[in-house]
Q: 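Before we start, here is the structure in question, set down as structure tokens.
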Amino acid sequence: SANADAHLAAAHRLYESGAAYYCDLSPDEVQARAKELGITGYDGYSRDRGLEPAPGRVLRFRVPDGETVVDDAVRGEVRFDNSTIEDFVLLRGNGTPVFLLANVVDDAEMGITDVVRAEEHLPNTPKQQMLWEALGLSTPRWGHVPVLVNEQRKKLSKRRDQVALESYRDDGILADAMVNYLMTLGWTPPGAEEAGSEIMGWPEMEAAFRLEDVNTSPAFFDVKKLVAFNKTYIREMPADEYLARAAAELPAEWDRDRFAAIAPHLQERLERFSDVPGSVDFLFLPDGVDPEIDDTSWGKATSPEWAGPLLGQLREAYSDLADGAWTADDLKSTMERVMSGYEEKPGKELKLGKAQAFCRVAVTGRSVGPPLFESLEVLGREATLSRIDRALTLLDHSERQD
RNA sequence: GCCCCCAUCGUCUAGUGGCCUAGGACACCACCCUUUCAAGGUGGCGGCACGGGUUCGAAUCCCGUUGGGGGUGCCA
């Protein structure tokens, strides 16, 4: 590495001081001895042989007797019996330093005072601490935080799991929401319980955070909860900021003004920005192209006897509407007027929620989506009527087959 | 094999000996509200891994068991 000279110099100092010694055993020979002795690892064979540096010989650290106590900010004192730590290699047979040594030397040189990392590094910490001490340096403050695990309770891995922050951003997860969620793993924002919410801004969290308060057990990364946080953050975005971010998800050919008209109605129900196109696609179909109709939604919406007649009547009423009256308010009151002639069941009043179902499916193809009358206003009269006509034709067909 | 870490609702957690009949968040369920969905409101379901101690008293302290994870290279 770039700092190889410093690494070598440190190794040399360790050798000169007697904290390290050379050994001429090959890996195979080490293993053979271990097998013979019924132990694992290196047995300290060359400790007192006084070997000089030479090609092919490795420099090993002379692990002292006693125990090494790692004072960890998260876990307290963790004790390691030095007899369980073998005399590990510092310099390879080809003279190059191993990572462990390079790491310590680089950290010391950079003036690192706090080493905060995942708990998987805890078992290597006594070796590093011994190195810091043998080099005459005061050890940094350690803090080993728990790892994140998947549903199998295994450490998150790049191969198996979605761990790249960028991929969540690309999915439409807001950075603030991600940060907020991540902070709740292993730590609870103060006041969260009283507030009944774990949603908290970075400045407050940063001010309240203490490494000592982080808990010690691994946490499952729950995308559902992340999305719930994201939803809250989206809802609380300033309108213009939200619009710009949402519009960025749209295909280039979709009309931005048209989207701007419906976007506010989407804001409070959006889970992640990648869902934007799929929620409003029915507004951007080329002329003459009808939305694909979801079978389940269709089945539900057309099952009441009155569904067809009501939609037929609504179609006539909408076609009679004055041009200036093609607004959500007028579209709604027109629907209310038409539906007043129907009953859900004999003796049971028909409510708007039920009455609008077939129209929604006819126009959007689905049973869920942005508010209906606002959608119709944006869609316009021509497309609305033609989609209703198509639905009525479809219904007619299926009834004749029955 | 050896070493280290961990163990409270499905998940993330609060809890550091009495305030715990174990609190909150997310999810889930029900009801209310309602222009579907969402939001909001109300309520519900659901947990201290097990066994021994210590103590007047244990989720909390100690020991053990079990379970899970990680480390263990002349890799970085």
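Below, chain A is the first sequence line, B the second, and so on; all start at residue 1.
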Q: How is A:Pro146 classified with respect to the nucleic acid when contacts are heavy atoms under 4.0 Å: base, sugar-phosphate, or nothing?
A: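 Counting heavy atoms under 4.0 Å across all strands, no contact is made by A:Pro146.
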Q: When the C1' atoms of B:rG24 and B:rC62 are compared, how many Å lie between them, rounded to an integer?
A: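 Straight-line distance between the two C1' atoms is 31 Å.
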Q: Less than 6.0 Å separating the ring centroids of A:Phe209 and A:Trp187?
A: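 Ring centres of A:Trp187 and A:Phe209 closer than 6.0 Å.
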Q: Provide the distance between the two P atoms, one in B:rG68 and one in B:rC31, to the nearest whole Å.
A: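 To the nearest whole Å, 41 Å.
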Q: When you measure from the side chain of A:Val368, which nucleotide among B:rC12, B:rU36, B:rG1 comes out closest?
A: B:rU36
Q: Examine B:rC5: is either OP1 or OP2 under 4.0 Å from a nitrogen or oxygen in the side chain of A:Arg79? Give yes or no.
A: no
Q: Which one is paired to B:rC75, where only Watson-Crick or G-U wobble pairs with both distances under 3.5 angstrom count?
A: none
Q: Tell me which nucleotide among B:rC5, B:rU13, B:rU36 gets nearest to the side chain of A:Asn215.
A: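 Taking heavy atoms from C-beta onward, the closest nucleotide is B:rU13.
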Q: Return the 5'-most residue of the pair A:Ala228, A:Gly41 with respect to RNA chain B, ranking by each residue's nearest nucleotide.
A: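 Looking at the nearest nucleotide for each, A:Ala228 comes out on the 5' side.
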Q: Just checking A:Thr184: base, sugar-phosphate only, or nothing, at a heavy-atom cut-off of under 4.0 Å?
A: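 Sugar-phosphate contact only - A:Thr184 comes under 4.0 Å of backbone atoms but never of a base.
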Q: Looking at A:Lys154, does any N or O in its side chain come under 4.0 Å of the phosphate oxygens OP1/OP2 on B:rG69?
A: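 Yes, A:Lys154 has a side-chain N/O under 4.0 Å of OP1/OP2 on B:rG69.
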Q: Are A:Tyr22 and A:Tyr15 an aromatic pair, judged by ring center distance below 6.0 Å?
A: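 A:Tyr15 vs A:Tyr22: aromatic centres under 6.0 Å.
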Q: Categorize A:Lys351 for me: base, sugar-phosphate, or nothing, with a 4.0 angstrom heavy-atom threshold over every strand shown.
A: nothing
Q: Just checking A:Val89: base, sugar-phosphate only, or nothing, at a heavy-atom cut-off of under 4.0 Å?
A: sugar-phosphate
Q: Would you indicate which nucleotide in B:rU36, B:rC3, B:rG71 comes nearest to any side-chain atom of A:Asn124?
A: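 Shortest atom-to-atom distance from the side chain points to B:rG71.
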Q: Is there a side-chain polar atom (N or O) of A:Lys155 under 4.0 Å from OP1 or OP2 of B:rG71?
A: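 A:Lys155 to B:rG71 OP1/OP2: side-chain N or O found under 4.0 Å.
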Q: What nucleotide among B:rA25, B:rG71, B:rA27 has an atom nearest to a side-chain atom of A:Lys225?
A: B:rA25
Q: Can you tell me the distance, in whole Å, between the CE atom of A:Met200 and the C1' atom of B:rA14?
A: 14 Å
Q: Would you check if the distance from the ring center of A:Tyr181 to the ring center of A:Phe221 is below 6.0 Å?
A: yes
Q: If you look at every heavy atom in A:Arg245 and A:Gly172, which pair is closest and at what distance?
A: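 Reported closest heavy-atom pair: NH2-CA, 3.7 Å.
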Q: Check this for me: does the side-chain of A:Lys231 come within 3.5 Å of the base of B:rA38 through a donor and an acceptor?
A: no
Q: Which of residues 294-326 of chain A sit near RNA chain B, with a heavy atom under 4.0 Å from it?
A: none
Q: Please name the nucleotide paired to B:rU35 by Watson-Crick or G-U wobble geometry with both distances under 3.5 Å, or report none.
A: none
Q: The side chain of A:Ser217 lies closest to which of these nucleotides: B:rG70, B:rA7, B:rC37?
A: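 Nucleotide nearest to A:Ser217's side chain: B:rA7.
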Q: Counting only heavy atoms not in A:Glu253, do more than 12 fall under 6.0 Å of its CD?
A: yes
Q: Got a donor-acceptor pair under 3.5 Å from the side chain of A:Glu198 to the base of B:rG24?
A: yes
Q: Check this one for me: any side-chain N or O of A:Arg57 less than 4.0 Å away from OP1 or OP2 of B:rC74?
A: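 Result: no.
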Q: Is the NZ or CZ atom of A:Arg153 both under 6.0 Å from the centre of the six-membered ring of A:Phe220 and within 45° of that ring's axis?
A: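 The answer is no, since A:Arg153 fails at least one limit relative to A:Phe220.
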Q: Using a 4.0 Å heavy-atom cut-off, does A:Ser367 contact any base of the nucleic acid, only the sugar-phosphate backbone, or nothing at all?
A: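 Touches a base.
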Q: Under 30°, 30 to 60°, or over 60°: which ring-plane class applies to A:Trp298 and A:Phe358, parallel, tilted or perpendicular?
A: perpendicular
Q: Between B:rC6, B:rC4, B:rC26, spot the one nearest the side chain of A:Val78, thanks.
A: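 Comparing B:rC6, B:rC4, B:rC26 against the side chain of A:Val78, the answer is B:rC4.
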Q: Counting only Watson-Crick pairs (N1-N3 plus N6-O4 or O6-N4) and G-U wobbles (N1-O2, O6-N3), all under 3.5 Å, who is the partner of B:rU65?
A: B:rA49
Q: Is the distance between the ring centroids of A:Trp254 and A:Phe284 under 6.0 Å?
A: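 Close enough - the centres of the two rings lie under 6.0 Å apart.
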Q: Could you check how far CZ of A:Phe88 sits from P of B:rG71, rounded to whole Å?
A: 18 Å
Q: Heavy atoms under 4.0 Å, any strand shown: does A:Arg153 hit a base, just sugar-phosphate, or nothing?
A: sugar-phosphate
Q: Rounded off to whole Å, could you give me the CD-to-P distance for the A:Glu77 and B:rC4 pair?
A: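 Whole-Å distance recorded here is 15 Å.
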Q: Mind checking who B:rA27 pairs with, Watson-Crick or G-U wobble, both distances under 3.5 Å?
A: none
Q: What nucleic acid atoms does A:Tyr181 come within less than 4.0 Å of, heavy atoms only: base, sugar-phosphate, or nothing?
A: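 Counting heavy atoms under 4.0 Å across all strands, no contact is made by A:Tyr181.
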Q: Hey, which of these two, A:Glu193 or A:Phe220, hits RNA chain B nearer its 5' end, going by closest nucleotide?
A: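 The residue whose closest nucleotide sits nearer the 5' end is A:Phe220.
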Q: Answer with base, sugar-phosphate or nothing: what part of the nucleic acid does A:Arg235 contact at a heavy-atom distance below 4.0 Å?
A: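 Sugar-phosphate, backbone atoms only, no base.
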Q: I want to verify a distance call: between B:rC5, B:rC6, B:rC3, whose nearest atom is closest to the A:Thr84 side chain?
A: B:rC3
Q: I'd like to know if A:Arg269 reaches the base of B:rU36 with its side chain such that a donor and an acceptor end up less than 3.5 angstrom apart.
A: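 By the distance-only test, yes, there is a pair.
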Q: Would A:Lys332 and A:Phe373 count as a cation-pi pair here, with the cationic atom under 6.0 angstrom from the ring centre and within 45° of the axis?
A: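 No, a cation-pi geometry is absent between A:Lys332 and A:Phe373.
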Q: Which is true for A:Ser26 with a 4.0 Å heavy-atom rule: it touches a base, it touches only sugar-phosphate, or it touches nothing?
A: base
Q: Heavy atoms under 4.0 Å, any strand shown: does A:Ala357 hit a base, just sugar-phosphate, or nothing?
A: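 The answer is nothing, as A:Ala357 stays clear of every strand by at least 4.0 Å.
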Q: Between B:rC75 and B:rU13, how far apart are the two C1' atoms, rounded to whole Å?
A: 37 Å
Q: At under 4.0 Å between heavy atoms, what does A:Glu271 touch on the DNA or RNA strands: base, sugar-phosphate, or nothing?
A: nothing
